[in-house]
A.B. asks: 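Here's a structure for you.
Residue numbering restarts at 1 for every chain, and letters A, B, ... go by the order of the sequence lines.
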There are 2 protein chains.
Amino acid sequence: MIKEQRQERILSELAKRGSVGVVELSKLLGVSEATVRRDLGELAGHGLLRRTHGGAALVERGEELPYHAKAAAYLPEKRRIGAAAAALLEPGQVIGCTGGTTVAQAARLLQGKRLVVVTNALNIALELAGSEETDVIMTGGALRSRSLETVGHIAERSFREFCIDVALLGADGISIKEGITTYHLAEAHANRVLVERSREVWVLADHSKLGKVTPAVIGPVSRMTRLITDAGAPDDFVASLREQGIDVVVV
Amino acid sequence: MIKEQRQERILSELAKRGSVGVVELSKLLGVSEATVRRDLGELAGHGLLRRTHGGAALVERGEELPYHAKAAAYLPEKRRIGAAAAALLEPGQVIGCTGGTTVAQAARLLQGKRLVVVTNALNIALELAGSEETDVIMTGGALRSRSLETVGHIAERSFREFCIDVALLGADGISIKEGITTYHLAEAHANRVLVERSREVWVLADHSKLGKVTPAVIGPVSRMTRLITDAGAPDDFVASLREQGIDVVVV
DNA sequence: ATCGACATGATTGAAAATGAGCGAACCGCG
DNA sequence: CGCGGTTCGCTCATTTTCAATCATGTCGAT
């Protein structure tokens, strides 16, 4: 039996049963346990299964997807930024959230607060799914797997149904000249509608985003009422925003 | 048997019966009581069950999602049902999915198929989020943490925008007399709209749901075009549905 | 025929999981 | 209350599993 066939077989067995043991597979496939371990290791390397002691199990969705919070870059900064944002929000407010790992960190800390959260991002909704106190409204729309945001007319129409107190925006780039930008046009469009409907716009971004420009414009920096970033932010950048009357919180 | 399988078994047993004893599990699984205790401790640490003296019980309504507990009950049956449903779908079709753990098992196997999936359930969207081939549309709406479904007028309006080939319905109860039912009124309402918009209606339910009635009606059994269930289904129940011209698939 | 690349199987010391033993804590019951 | 039996959490020895290494076998190319 060829390696490919064997690995195929392992995956199908796993799909059928949810978890499999090394010894078990060894007997089933008629190869040594060493070979089974090698196969499992290889498959796990491709993210097709999760290795466990004694065997393997199905990968949990969300464990391996690109935005998984634990895998995020600048995680400590993002956590602090998220915590600061969460602390500044008040009970009873209506919050709009875009996707992104920084916003997700904030969302995680909103659990149990009496808030209404409107979001087009799957990961945000998921963070808050367990919270009894928080009302979560998803906008719906076409799902973009890269960012887990939903976009398109459904998302935009839903955003328009709300009057939002504070928008928590996770941007990919913030430039004094070019404004708040993101990578994807459809996301930018949905986010723009959120901004339109929001009284305040807070942007959550670690310092790596500052001065950066990405293709799709959400809006000018002047539309932002508060920026929460980390201590790595360049002083002149911060000063320039403050001159424009934007509240810059550095954590 | 590896640890994962054993713990899955424990959760399944717990979901079926509401509470389990250490000694009992030890005999059932063929491992020492010490190991059972360790497993229970670990699962309790993940919030998947509540430790009691002498055993374990389901987590109280409140902090944790009962979703995980539900997911573990009749898991092998649900996998087979999900696989059968996935195998019967054809490329290019527009599929509507409600929430529910059985439907989630089917969704997992739809990855990579060229389909359009419209759903009001967060867990379904998450299963398919990684798939490049599959277009996923979320309806949006207010999120119910218990089932991870979104409900309300936003969800219903979104469903109405689609012409759906096949609806995959996960019901909580199916009764010849009372029809297809679920626990929650708002969910039933959203699901009813999905059914309206669908050419075919397939219900995915393990045998524990058959003959059961729960508070909120989705529709009469006659509206269902196919039932996929497991071998534990009572013969007379299956026969009765077949008399009505419903295609019953037993896996 | 020889070589090299690759897959497989066996070996080994380390790590993890398991099972048994033992006081301490807890339950039900008088 | 207090008591006996059960259950718990802990430690320690044993078994299982792991990852790494090396040897063998297979196949195709030179």
A.B. asks: Among all residues two or more places apart in sequence or in another chain, which pass the side-chain hydrogen bond (donor to acceptor under 3.5 Å, both in side chains) test with Glu8(A)?
C.D. replies: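 Glu8(A): no side-chain hydrogen bond (donor to acceptor under 3.5 Å, both in side chains) contacts found.
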A.B. asks: Apply salt bridge (Lys or Arg N to Asp or Glu O under 4.0 Å) to Arg144(B) and list each qualifying residue two or more places apart in sequence or on a separate chain.
C.D. replies: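 Listed in chain order: Glu187(B).
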A.B. asks: In whole Å, I'd like the distance from the CG atom of Leu25(B) to the P atom of dT18(C).
C.D. replies: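 My rounded result for the distance is 14 Å.
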A.B. asks: For the helix from dA1(C)-dT30(D) to dG30(C)-dC1(D), measure the angle between the helix axis at one end and the axis at the other, each built from five pairs, rounding to 10°.
C.D. replies: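 It comes to 30° between the two terminal axes.
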A.B. asks: Using the test salt bridge (Lys or Arg N to Asp or Glu O under 4.0 Å), find all partners of Arg37(B) that sit at least two apart in sequence or belong to another chain.
C.D. replies: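 Glu33(B).
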A.B. asks: N/O contacts under 3.5 Å, protein versus nucleotides 4-14 of chain D?
C.D. replies:
from: dT7(D); atom 1: O3'; to: Gly54(B); atom 2: N; distance (Å): 3.0
from: dC8(D); atom 1: OP1; to: Arg51(B); atom 2: NH2; distance (Å): 2.5
from: dC8(D); atom 1: OP1; to: Thr52(B); atom 2: O; distance (Å): 3.4
from: dC8(D); atom 1: OP1; to: Gly54(B); atom 2: N; distance (Å): 2.8
from: dC8(D); atom 1: OP2; to: Arg37(B); atom 2: NE; distance (Å): 2.5
from: dC8(D); atom 1: OP2; to: Arg37(B); atom 2: NH2; distance (Å): 3.0

A.B. asks: What are the two closest heavy atoms between Gly99(A) and Asn123(A), and how far apart are they?
C.D. replies: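 So the minimum-distance heavy-atom pair works out to CA-OD1, 4.3 Å.
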A.B. asks: Heavy-atom count check: over 12 atoms from other residues, nucleotides or ligands less than 6.0 Å from Lys16(B) NZ?
C.D. replies: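 Counting other residues, nucleotides and ligands, NZ of Lys16(B) exceeds 12 neighbours.
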A.B. asks: Partners of Asp39(B) by salt bridge (Lys or Arg N to Asp or Glu O under 4.0 Å), sequence neighbours excluded?
C.D. replies: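 Residues passing salt bridge (Lys or Arg N to Asp or Glu O under 4.0 Å) with Asp39(B): Arg6(B).
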A.B. asks: Can you list everything that forms a side-chain hydrogen bond (donor to acceptor under 3.5 Å, both in side chains) with Thr119(A)? Sequence neighbours excluded, please.
C.D. replies: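 With sequence neighbours excluded, Thr119(A) shows a side-chain hydrogen bond (donor to acceptor under 3.5 Å, both in side chains) to no residue whatsoever.
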A.B. asks: Measure the distance from CD on Glu4(B) to P on dT17(D) and round it to the nearest whole Å.
C.D. replies: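 That distance rounds to 14 Å.
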A.B. asks: Rounded to whole angstroms, how far apart are CD on Glu42(A) and P on dT8(C)?
C.D. replies: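 Computing the Glu42(A):CD to dT8(C):P distance gives 9 Å.
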A.B. asks: So which pairs with a foot in residues 167-176 of chain B pass salt bridge (Lys or Arg N to Asp or Glu O under 4.0 Å), sequence neighbours left out?
C.D. replies: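 Output for this query is empty, none listed.
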A.B. asks: Which salt bridge (Lys or Arg N to Asp or Glu O under 4.0 Å) pairs, counting each pair once, include a residue from residues 75-86 of chain A, with sequence neighbours left out?
C.D. replies: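 Salt bridge (Lys or Arg N to Asp or Glu O under 4.0 Å) check on residues 75-86 of chain A returns no pairs.
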A.B. asks: Establish, with yes or no, whether the OP1 or OP2 oxygen of dG9(C) is under 4.0 angstrom from a side-chain nitrogen or oxygen of Ser32(A).
C.D. replies: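 Affirmative; the distance criterion is met.
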A.B. asks: Just the rounded figure in Å: distance from C1' of dG25(D) to CD1 of Ile2(A).
C.D. replies: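 From Ile2(A) CD1 to dG25(D) C1': 14 Å.
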A.B. asks: Could you give the CG-to-C1' distance, from Leu40(B) to dA17(C), as a whole number of Å?
C.D. replies: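 Distance check: Leu40(B) CG to dA17(C) C1' gives 16 Å.
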A.B. asks: Sequence neighbours excluded, which residues qualify as salt bridge (Lys or Arg N to Asp or Glu O under 4.0 Å) partners of Glu133(A)?
C.D. replies: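 By the salt bridge (Lys or Arg N to Asp or Glu O under 4.0 Å) rule, Glu133(A) matches no residue at all.
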A.B. asks: Please list all pairs meeting ring-ring contact (aromatic ring centres under 6.0 Å, His included) that have one or both residues in residues 73-93 of chain B, counting only residues at least two apart or in different chains.
C.D. replies: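 For residues 73-93 of chain B, and leaving out neighbouring residues, the ring-ring contact (aromatic ring centres under 6.0 Å, His included) pairs sorted by first residue read Tyr74(B)-His207(B).
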A.B. asks: Please write out the pairs of protein N or O atoms and N or O atoms of nucleotides 5-7 of chain C separated by less than 3.5 Å, giving the distance to one decimal.
C.D. replies:
from: dA7(C); atom 1: OP1; to: Lys3(A); atom 2: NZ; distance (Å): 3.2

